[in-house]
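Comments concern the structure below.
The residues of the chain are indexed from 1 along the displayed sequence.
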Amino acid sequence: MQLVVARIGRAHGIKGEVTVEVRTDEPELRLGPGAVLATDPSSVGPLTIAIGRVHSGRLLLRFEGVADRTAAEALRNTLLIAEVDPEEVPEDPEEFYDHQLIDLDVVTRDGTAVGRISEVSHLPYQDLLIVQRPDGSEVMIPFVAEIVPEIDLEEQRAVIDPPPGLLDESQAEIASSREDS
């Protein structure tokens, strides 16, 4: 099975290095020197990582055959894809691969059905579970322990404890308003 592990950003310097937006919790395993990664678009790859280093908190990679800034800039926005055994699971029991979460049934703590996870959206500060509701609408649920306290892969369900207003806007609580000032 193929998993997106990073997206190439802008070129860094003049020797062919690029910044990458890491999309894996295991960058040392997936993005180490010698790793051969498929790409999207596929015409760009496969790419073999020659060198990786961290600079100012950002991962920089240089690929074999990419020797200058022009070649590096041509890779911008390319997705890097690793081949992963579908039976492989993360070492940390609190981490999950996207494919493990897709199609899980979503229920509240009291057992009320909410829908089914259709997508996992990776944002800079947190991940979101995109849940398809029975009526065809979607709801975005922040994938944080306070809101998603349980993922049960055996039962194929995610248990959520939504704050007021997350599932039904009419139940939202107004914390403050400008008119109160």
### Query
What's the shortest heavy-atom distance between M140 and P142, and which atoms?
O-CD, 3.8 Å
### Query
For the residue pair L167 and P162, what are the closest heavy atoms and their distance?
CD1-CG, 3.7 Å
### Query
Can you tell me how far CG of D161 sits from CG of D110, rounded to the nearest 0.5 angstrom?
9.5 Å
### Query
Hey, quick one: are I117 and V107 part of the same hydrophobic cluster, counting side-chain heavy atoms closer than 4.5 Å, chains of contacts allowed?
no
### Task
Start with the C-alpha distance between I51 and L60, add both sets of side-chain angles, then the distance that settles side-chain contact (heavy atoms from CB on, under 4.5 Å), and finish with yes or no.
CA-CA 8 Å; I51 295 173; L60 301 178; over 6 Å; no
### Task
Determine whether L75 and V44 make a side-chain contact, defined as any pair of heavy atoms from C-beta on separated by less than 4.5 Å.
yes
### Summary
OG of S118 to CD of E138, rounded to nearest 0.5 Å, is 5.0 Å
### Query
Do F63 and I49 come within less than 4.5 Å of each other through their side chains, counting heavy atoms only?
yes
### Query
Distance from L47 atom CG to I81 atom CD1, nearest 0.5 Å?
10.5 Å
#### Entry: Atom pair CG/CD1 of L129 and I102 - distance to nearest 0.5 Å
8.5 Å
Side-chain donor-acceptor distances from residues 5-17 under 3.5 Å, at least two apart:
unit_1, atom_1, unit_2, atom_2, d
R7, NE, E21, OE1, 3.3
R7, NH1, N77, OD1, 2.4
R7, NH2, E21, OE1, 3.0
E17, OE1, R53, NH2, 2.9
E17, OE2, R53, NE, 2.8

### Query
Would you say L79 and L61 are hydrophobically clustered, going by side-chain heavy atoms of ILVMFWY under 4.5 Å?
no
### Task
Any chance you could measure D105, atom CG, to D152, atom CG, to the nearest 0.5 Å?
11.0 Å
Contacts table for residues 31-43: side-chain donor-acceptor under 3.5 angstrom, sequence neighbours left out:
unit_1, atom_1, unit_2, atom_2, d
T39, OG1, P41, O, 2.8
T39, OG1, G45, N, 2.9

### Query
Looking at side-chain heavy atoms only, is the closest gap between V18 and V66 below 4.5 Å?
no
### Task
Grab the two heavy atoms, one from L166 and one from V139, that are nearest each other, plus how far apart they are.
O-CG2, 3.6 Å
### Partner residues of R157 under the salt bridge (charged side-chain N to carboxylate O under 4.0 Å, His left out) criterion, sequence neighbours left out
E150
### Query
Would L80 end up clustered with V4 when hydrophobic side chains under 4.5 Å apart are linked, directly or stepwise?
no
### Message
Between V159 and V114, is there shared hydrophobic-cluster membership here, with clusters defined by ILVMFWY side-chain heavy atoms closer than 4.5 Å?
### Response
no
### Task
Determine the minimum heavy-atom distance between P149 and I160, stating which atoms define it.
CD-CA, 4.0 Å
### Message
Nearest 0.5 angstrom please: E119 CD to L101 CG, how far?
### Response
12.0 Å
